[in-house]
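Below: one structure, written as structure tokens.
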Amino acid sequence: MKVLHALETFLPVSENWIHPQITSVPGVTPAVLCSHEANRELFPSNRMPLFRDPPPWRKALGLPRLVNSFAFRIGHPMLVAGASARRWRPQLIHAHFGMRGWQMLPLRRKLGVPMITSFYGIDAWMLPRQELWKTRLPDLFAAGECFVAEGPAMRERLIEIGCPPKKIEVVRLGIDASDFPVVQEAKAAPIRVAMMGRFVEKKGLPDGLRAVARAISNGADLHVTIIGDSTDEAGAAIKRELQEIARTPLLSDRVTFTGFLPPEQARAILRESHFFLCPSRHAKSGDAEGGSPLALTEAMAMGLHCIGTRHCDIPEIIIDGETGLLCDSGDVDAIAAALVQASQAPDIRTAHCHAGRTHIANHFSRAAQINALAALYNRVVGTSTC
């Protein structure tokens, strides 16, 4: 089956979880339609067709590019690259993010093929607040054959914003646990806490760092590494806030900022860490996690003790008191208390870590995810009347 994957950029490091969906689904010959390319050395295409819309300057000059760029800017990327994609003759479009799904509607109509759209977070939480998307999303939900959610919380959110329940499929983001071996030898003191994510409000990183400071004031010996960085003005403000918190006396010489790292370097830091802290929360803009961060899944598979918040589908990963500890979003005192509790109870921590790795292996495997996608593709193509 030939599947055309549509996304804005192929591929940001922060969206690395999309790569196996494109390259690893059995029985699928993939191609990508995107607006930008990034990190090709990290995410090889293996000679997979890649259509740029608008194309690079060297691929289309003069009037064709001007016309195509105008079409792209008004939300209809279907001319130059769209024509190339049509000649490739896909049997299915898989759009990643709701914004891209809406942009693909004209191309879908041209091709006469079904379309699946995966929602991941900002598209389900922040977009529906914007007047423009209050009309666009109903069009997408009416035209698309299927909409993929990462978990039950995201499924409920899609229903809230108007997606017909019968069109929603839950396909969990999975990992290959063999890629994340548990460090067997004892890790040296002090206890190292890792947080990871783009510097955006929904990640709750300032809450997490304040909680670490409060836990230190209550006797926990903690050092923290923050993997990630800002990508815009709002993120730069969060970065300044984090740096200001890190300069407080309690955290002096206890905080390391790494910036963005390739996946393998980030995982190397996780392997040296004891805790993974995931303090996600709803942003004032409405933005939220789509399901649960894949970094949390990876950290649990590596045997880290995970502490997170009751936000979106994070409770699907962290089962409170069984695979880790959960707190309410924004409750810095509760997060600090969880850090102190876990740091002072190594036996409980060990039990949570063992149960967590088993939980990930049983319910969040990449093999199960890509097989579920293969079955979904076959079902949608087989029942479509496009």
Side-chain angles (χ1 to χ4, degrees), residues 1-11 15 17-22 25 28 30-35 51 53 75-78 82 85 90-128 130 132-173 287-291 312-313 369-370 372-386:
M1 180 188 301
K2 296 172 76 172
V3 177
L4 178 66
H5 290 269
L7 58 162
E8 176 67 19
T9 301
F10 182 79
L11 191 63
E15 295 173 10
W17 30 267
I18 294 178
H19 193 247
Q21 299 183 56
I22 295 174
V25 177
V28 167
V32 166
L33 172 62
C34 65
S35 304
F51 309 112
D53 205 340
H76 295 278
M78 59 173 290
Q91 297 163 270
L92 174 72
I93 297 173
H94 186 166
H96 297 271
F97 290 95
M99 302 83 79
R100 202 61 169 172
W102 181 85
Q103 289 176 334
M104 288 299 108
L105 290 178
L107 181 59
R108 173 194 171 276
R109 287 193 290 269
K110 281 277 188 182
L111 288 167
V113 300
M115 184 172 75
I116 292 170
T117 302
S118 290
F119 276 71
Y120 295 112
I122 189 173
D123 42 5
W125 290 100
M126 191 169 78
L127 229 58
Q130 300 175 8
L132 181 64
W133 287 95
K134 288 179 181 178
T135 57
R136 287 181 172 182
L137 285 175
D139 291 343
L140 174 61
F141 292 145
E145 279 70 26
C146 183
F147 300 89
V148 175
E150 298 174 41
M154 176 58 108
R155 182 181 189 276
E156 290 304 311
R157 177 58 182 170
L158 290 181
I159 293 171
E160 285 177 14
I161 62 176
C163 186
K166 66 181 181 181
K167 289 188 174 185
I168 304 172
E169 291 286 335
V170 172
V171 179
R172 301 180 188 277
L173 292 181
D287 194 13
E289 303 284 5
C312 292
D313 280 308
Q369 177 196 4
I370 63 175
L373 281 176
L376 179 60
Y377 290 170
N378 286 317
R379 186 164 74 251
V380 169
V381 169
T383 60
S384 174
T385 58
C386 286

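Residue numbers start at 1 and run along the sequence shown.
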In this structure, CD of Glu156 is separated from CG of Asp313 (nearest 0.5 Å) by 10.0 Å

Here the pair of heavy atoms bringing Pro164 nearest to Phe141 is CD-CB, 4.1 Å

inquiry  = Is any side-chain heavy atom of Leu4 closer than 4.5 Å to one of Val113?
reply    = no

Query raised in the report: Hey, are the side chains of Met115 and Glu145 touching, using non-hydrogen atoms and a 4.5 Å cut-off?
Result: yes

Distance col, row Leu111:CG vs Arg109:CZ, nearest 0.5 angstrom, shows 11.5 Å

d(Leu33 CG, Glu8 CD) to nearest 0.5 Å is 10.0 Å

For Ala95 and Gly101, the nearest pair of non-hydrogen atoms, with its separation, is CB-CA, 3.5 Å

The side chain to side chain contact (heavy atoms under 4.5 Å, CB included) partner of Ile116 among Ile93, Val380, Val381, Val3 is Val380

_For Met154 and Val170: C-alpha separation, side-chain torsions, deciding distance, then whether side-chain contact (heavy atoms from CB on, under 4.5 Å) applies._
CA-CA 9 Å; Met154 176 58 108; Val170 172; over 6 Å; no

Looking at side-chain heavy atoms only, is the closest gap between Arg136 and Leu140 below 4.5 Å?
no

Closest non-hydrogen contact found for Ala149 with Arg155 is CB-N, 3.7 Å

Between Leu7 and Ile22, is any pair of side-chain heavy atoms under 4.5 Å apart? yes

Tightest non-hydrogen contact, residues Trp133 and Pro138, listed as O-CD, 4.0 Å

Here the gap from Met99 atom CE to Leu137 atom CG, rounded to the nearest 0.5 Å, amounts to 10.0 Å

Side-chain heavy-atom pair Val25, Pro30 within 4.5 angstrom cut-off
no

Close side-chain approach of Thr117 to Asp123, heavy-atom, < 4.5 Å
no

In this structure, CZ of Phe119 is separated from CD1 of Ile168 (nearest 0.5 Å) by 9.0 Å

To the nearest 0.5 Å, atom CD of Glu289 lies from atom CD1 of Ile122 at 11.5 Å

Applying side-chain hydrogen bond (donor to acceptor under 3.5 Å, both in side chains) to His5 and not counting sequence neighbours gives His96

### Query
With a 4.5 Å limit on heavy-atom distance, are the side chains of Trp17 and Gln369 in contact?
no

In terms of heavy-atom contacts, Pro20 and Ile370 come closest through O-CG2, 4.2 Å

For residues 160-170, the salt bridge (Lys or Arg N to Asp or Glu O under 4.0 Å) pairs (sequence neighbours left out) are Arg157-Glu160, Glu169-Arg379

> Are any of the side-chain heavy atoms of His94 and Tyr377 separated by less than 4.5 Å?
Replying inline: yes

Residue set satisfying salt bridge (Lys or Arg N to Asp or Glu O under 4.0 Å) with Lys134, at least two apart, ordered chain then number -> Glu131

